[in-house]
Protein chains: 2
Amino acid sequence: MPKESFDRFRRQILARCVSAQVSERLSEIGQFQQTRRAERIVLSATGDQLVFLAEGATKLIVRMPDASEHVLAFHFPGDMIYVPQPEQGAISMLALADCRTIAFPANSFLEIAEAEPSVLRTILARTLLALQRCRNKAIRLGRKSAQERITDFLLAMADRIGVPDGNSIRLNLPMSRRDIGNSLGLTIETVSRQFTELRNEHLISTAGRSIVRLHHLDELATRAGHVSRSNTQAKICAESKSGLRPGAIAAAD
Amino acid sequence: MPKESFDRFRRQILARCVSAQVSERLSEIGQFQQTRRAERIVLSATGDQLVFLAEGATKLIVRMPDASEHVLAFHFPGDMIYVPQPEQGAISMLALADCRTIAFPANSFLEIAEAEPSVLRTILARTLLALQRCRNKAIRLGRKSAQERITDFLLAMADRIGVPDGNSIRLNLPMSRRDIGNSLGLTIETVSRQFTELRNEHLISTAGRSIVRLHHLDELATRAGHVSRSNTQAKICAESKSGLRPGAIAAAD
DNA sequence: CGCTACCTTGACGGATGTCAAGGTGGGTGG
DNA sequence: CCACCCACCTTGACATCCGTCAAGGTAGCG
């Protein structure tokens, strides 16, 4: 396993105070993997997995009975993703860009972590965060219009991978319009129409297929159905400065 | 705190092998509460809470900006519910029937549980289960039609509180049509129309406002968009015999 | 027995899915 | 470096499902 990836894992998931022994044992059960864009991250089918994403971007998908796919979440470096054993649920993880991952069998991971309750608590805290994100997603899908979903999605992305750019925030979206639609419960056509509409109102601008610039964050937040907290920009700055992002287990957008 | 409620908590959440001391300390920080139907379960605002539902039924709701409410989950006895600190998220827990609950400050609970990693793992396991349920809910809300949502909801309820009744399953739903709609992202009218339609097709029958009987579970499962696993009945029998239900942290339907 | 909250039914309109027909970006190979 | 090609995106016309508004009906409780 490349030292660089595991070091990232150690920094982000294991607190600073973890014994070298625990770290050692975890590195022994972790399966490193390098995956090319559009390929599946191969996971052992012998139980639930905890996957650490060291580099790249992924989507977590469910295959529906009709062979279509629904995107549960997008993930970015530093995320810890819980993937249940692929029995019938048919959850799988696909690379949106070239990826480096470390996959741990969940049971072994947790057994080792029992020796170091702080690690267990870190995992629990991230899982609770994932649950909150998933709840938010459920609200979004249940109640919001297409435009609200799209703007909410863009703002969530801004929080996660946006970079300040003058008065705007610049996004380099690794996922296709289809992926966005599959994540928000919309068709690709509706996604496209909403992008066009936001572009016509100068709330966003786009360059090529993946670059999106968000202007007027406050107006976008209003469109997303938020309640006037125009601190997205501030949050991003704070986060990029400290180098800490909330991270998640499997419910990031 | 009534012995009966805490005993239930001990049986369901604490494994049999927990030290008397841990159990004792948990009972000291747990706030017992009896709540009447339609009232709010009052929680300390000083941090996240873990609420054990010993008796009754509850809904976990979010107040939307427009003062409407969205139901995140319904809960039943034995569930452990994670309720984040009510900052702006405005999540609250309402009793659908007379309830008995024990509320623990999450941080204190987890600190005590660190002495007994098996408890921490139980909580983590339940949280992961809640995450799975929430993911399922997200899929349901994102992709399914009104009829699929309703039938899926009824089958989920059958798994949780259904009792076998000849060839059917009988449900005594503690929540109103409005609550069901708020949970599935539908209006009360649409819920009502779908009930009527299912009734006309003899897939369900109703008595009064809260009794629902499900016939033809396999057909209902098809309507729900499931993939032909007609084992719902079997699962319920097995569960009611063993007295064990999966339980959840805050994402039950 | 009557009141009230809750449920049911109907008519209508609008947001979004579906179907269809181009247009465009970006990577590949010459 | 350019041209080509394919996947991806955009736009339009139309259909449909569900939300909205409105008007009763009914269960369950006092």
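Labels below follow one simple rule: chain letters A, B, ... track the order of the sequence lines, proteins then strands, and each chain is numbered from 1. Worth knowing before you read on, the calculation uses all heavy atoms, side chains too, and leaves out hydrogens, waters and symmetry mates.
The interatomic distance linking B/E197 (CD) with C/dG10 (P) rounds to 12 Å, in whole Å. Summarising the geometry, the separation between CG on A/L96 and C1' on D/dC8 is reported as 15 Å, rounded to the nearest angstrom. Regarding B/N200, its CG atom lies at a distance of 12 Å from the P atom of C/dT8, rounded to whole Å. Rounded to a whole Å, the CD atom of A/Q194 is 16 Å from the C1' atom of D/dG12. Across the protein-nucleic acid pair, A/L184 atom CG and C/dG17 atom P stand 11 Å apart, rounded to whole Å. At whole-Å resolution of the value, CD1 in A/I211 and C1' in C/dG25 are 13 Å apart. Atom pair B/N182:CG and C/dC6:P shows a separation of 12 Å (rounding to whole Å applied). To the nearest angstrom, C1' of D/dA27 lies 14 Å from CG of B/N172.
A salt bridge is defined here as a Lys NZ or Arg NE, NH1 or NH2 lying under 4.0 Å from an Asp or Glu carboxylate O, and A/R223 with A/E201 meets this definition. At a threshold of 4.0 Å, the pair A/D98-A/R36 counts as salt-bridged, since one of the basic side-chain nitrogens sits closer than that to a carboxylate oxygen. By the 4.0 Å N-to-carboxylate-O rule, A/E4 lies too far from A/R100 to be salt-bridged with it.
Listed pair B/T190 / D/dG19 meets the phosphate criterion, a side-chain N or O lying under 4.0 Å from OP1 or OP2. Taking side-chain N and O atoms only, A/S192 has no distance below 4.0 Å to OP1 or OP2 of D/dT11. Between A/S145 and C/dA15 there is no side-chain N or O to OP1 or OP2 distance below 4.0 Å. Side-chain nitrogen and oxygen atoms of A/T187 include none within less than 4.0 Å of the OP1 or OP2 phosphate oxygen of C/dT18.
In the model, B/K137 has a side-chain atom that pairs as donor or acceptor with a side-chain atom of B/S183 under 3.5 Å. Donor-acceptor pairing under 3.5 Å is lacking for the side chains of A/S92 and A/R63.
The local environment of CZ in B/R199 is crowded, with over 12 non-hydrogen atoms from other residues, nucleotides or ligands closer than 6.0 Å. Few gaps surround CZ on A/R143; more than 12 heavy atoms of other groups in view lie less than 6.0 Å from it.
Between the side chain of A/R193 and the base of C/dT18 there is at least one donor-acceptor pair of N/O atoms closer than 3.5 Å. Side-chain atoms of B/E189 and base atoms of D/dC21 include a donor and an acceptor less than 3.5 Å apart. The base of C/dC6 lies close enough to the side chain of B/R209 for a donor and an acceptor atom to sit less than 3.5 Å apart.
Within 4.0 Å of A/G185, counting heavy atoms only, lie sugar-phosphate atoms of the nucleic acid but no base atom.
With the nearest nucleotide of DNA chain C identified for both B/I188 and A/A207, B/I188 has the one nearer the 5' end. Two residues, B/R199 and A/R149, neighbour DNA chain C, and the one matched to the more 5' nucleotide by heavy-atom proximity is B/R199.
Qualifying side chain to side chain contact (heavy atoms under 4.5 Å, CB included) partners for A/R209, counting only residues two or more places apart in sequence or in other chains: none.
Between the two ends of the helix from C/dC1-D/dG30 to C/dG30-D/dC1, each summarised by a five-pair axis, the helix axis turns through 50° (rounded to 10 degrees).
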